[in-house]
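Take a look at the structure below.
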2 protein chains.
Amino acid sequence: MDEQALTDKLLNHAVGVTPQRLRIAAVMLDAPRHLSADQVLAKLNRDGGGVSKATVYNTLRTFTEHGLLREINVDGQRSFYDSTVAPHHHFYNPETGELMDIRADRIKVSGLPQPPDGTEAAEVEVIIRLRKRPAV
Amino acid sequence: MDEQALTDKLLNHAVGVTPQRLRIAAVMLDAPRHLSADQVLAKLNRDGGGVSKATVYNTLRTFTEHGLLREINVDGQRSFYDSTVAPHHHFYNPETGELMDIRADRIKVSGLPQPPDGTEAAEVEVIIRLRKRPAV
DNA sequence: TTCGTTGCAAAGGATTTGCACTTTA
DNA sequence: TAAAGTGCAAATCCTTTGCAACGAA
C-alpha cells in the first residue's frame with residue numbers, strides 16, 4: 001500500500017494525517033498483522049526511529065477507536081492490535097506469543113444462549129489456545 | 001461450603017492450608033465467581049481485613065497453578081479469576097465489567113481448522129461481548 | 001529447626017497523562 | 001492562528017519480588 005493509499009485510509013476513518021501516523025500505518029495497516037505496541041515501537045526504531053513511545057500507544061488507541069484496528073487480549077500482559085477488523089477468530093500459541101487468523105466463515109458457533117435482558121451479542125470471539133503436540 | 005470442606009479442597013489440590021488461604025477460598029471457591037484480585041482484596045478488607053495485597057495476588061496465582069481457579073483475560077486491564085474450572089464459555093459485558101458463565105454443552109463450535117504443524121488445540125474459548133440493546 | 005507462608009515496601013512492565021512545543025488545516 | 005498532534009518524563013495501574021518475620025509440623 002503506498003503512502004497515498006494509507007493517507008486515504010486514515011482520512012476515510014476521520015483520523016488526521018501526520019508523518020508519525022503514516023509510519024505507524026505503514027507498519028500496521030498494509031497487511032494482516034498482530035503486533036503489540038512494543039513490537040510496533042521496536043520495528044519503527046529499527047527502521048530509523050522518529051516516533052516516541054507515547055505516540056505509538058496513543059496512535060494505536062486512536063486507530064482502534066476509529067475502526068482501523070482491533071485490540072485483542074490473550075494473556076493479560078499486553079494488548080495486541082490486529083489489522084484485520086472484519087470478524088474472525090484466532091489461534092494463539094502461548095509459547096511463542098503468536099496469533100494466527102482464522103477466517104470467520106471457517107468456524108461455526110451454534111447454540112448461543114439468549115443474552116441477558118437488555119443486552120444483545122455484539123461480537124463472538126473464539127480463541128483456540130495451542131500447545132505443542134506430543135511426539136507420536 | 002464450610003471450613004472443613006474448603007480445607008479438604010485445598011488439600012486435594014496439594015495446596016497448603018493457612019488462615020489467609022482459607023479466607024480467600026471462602027470468597028472464591030464456595031460458588032461460581034468471577035473476580036479480579038482487587039475485588040477479592042476489597043471484599044476481604046470489607047469483612048475485616050487481615051490479608052495483604054501481595055498475599056491475595058500470590059494466593060490467586062497459586063490456586064490457579066493448582067487447578068482451583070482459571071484465569072480469564074477480557075480487557076487487558078486486569079485478570080479475572082473464575083471458580084469454575086471445567087471448560088465453559090462466557091458472556092462479557094464491557095459496560096459493567098461483568099462476566100457470566102455459559103455451560104460448555106450449550107455452545108457448539110464446528111469447523112475448527114487444522115492447528116498449525118507441531119501443535120494441537122489445547123482449549124477453545126468463546127467470549128461473547130455484549131452491548132446494550134437499543135430500545136425497540 | 002525447618003520449610004512454607006505472610007506482609008510490607010520496593011520493583012517491574014505496560015500504558016496513560018501533563019504540559020510545553022510543533023505541526024496541520 | 002486555532003486546533004490537533006507530538007514527545008518526553010513523570011505518573012498510574014496491575015502485578016511480582018526481595019526479604020525479614022512468622023507459623024505449623
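Below, chains carry the letters A, B, ... as their sequence lines are ordered, and counting in each starts from 1.
- Of the charged side-chain nitrogens involved, at least one lies within less than 4.0 Å of a carboxylate oxygen, so that Arg33(B) and Asp30(B) count as a salt-bridged pair.
- Once you apply a 4.0 Å limit to the heavy atoms of chain A, the touched nucleotides of DNA chain C run 5' to 3' over dA14(C) to dT24(C).
- None of Thr62(B), Thr59(B), Leu10(B) except one satisfies the side chain to side chain contact (heavy atoms under 4.5 Å, CB included) rule with Leu68(B); the exception is Leu10(B).
- For residues 3-10 of chain A, proximity to DNA chain C is found at no residue, defined as any non-hydrogen atom under 4.0 angstrom from a strand atom.
- For dC8(D), the OP1/OP2 oxygens have no side-chain nitrogen or oxygen of Ser52(A) closer than 4.0 Å.
- Taking the side chain as every heavy atom from C-beta outward, Asp101(B) and Asp82(B) approach each other to under 4.5 Å.
- Applying the side chain to side chain contact (heavy atoms under 4.5 Å, CB included) criterion to Asp2(B), with sequence neighbours excluded, gives Gln4(B), Ala5(B).
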Margin query: Treating primed atoms plus P, OP1 and OP2 as sugar-phosphate and everything else as base, which nucleotides of nucleotides 10-25 of chain D get B, S or - for protein heavy atoms under 4.0 Å?
Written below: ----SBBB--------

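- By the 4.5 Å heavy-atom criterion applied to side chains, Ile102(A) and Phe91(A) are counted as neighbours.
- Ion pair Glu125(B)/Arg70(B) not flagged as a salt bridge, since none of the NZ, NE, NH1 or NH2 atoms sits closer than 4.0 Å to an Asp/Glu carboxylate oxygen.
- Distance alone, capped at 3.5 Å, is enough to place a donor-acceptor pair between the Thr96(B) side chain and the Glu98(B) backbone.
- Between Arg133(B) and Glu120(A) there is no salt bridge, since none of the side-chain N atoms of the basic residue sits less than 4.0 Å from a carboxylate O of the acidic one.
- Partners of His90(B) according to the ring-ring contact (aromatic ring centres under 6.0 Å, His included) rule, which considers only residues two or more places apart in sequence or in another chain, are His34(B), His88(B).
- Distances shorter than 4.0 Å separate some side-chain N or O of Arg21(A) from OP1 or OP2 on dT6(D).
- For Asn58(A), the side chain to side chain contact (heavy atoms under 4.5 Å, CB included) test picks out Ala54(A), Arg61(A), with sequence neighbours left out.
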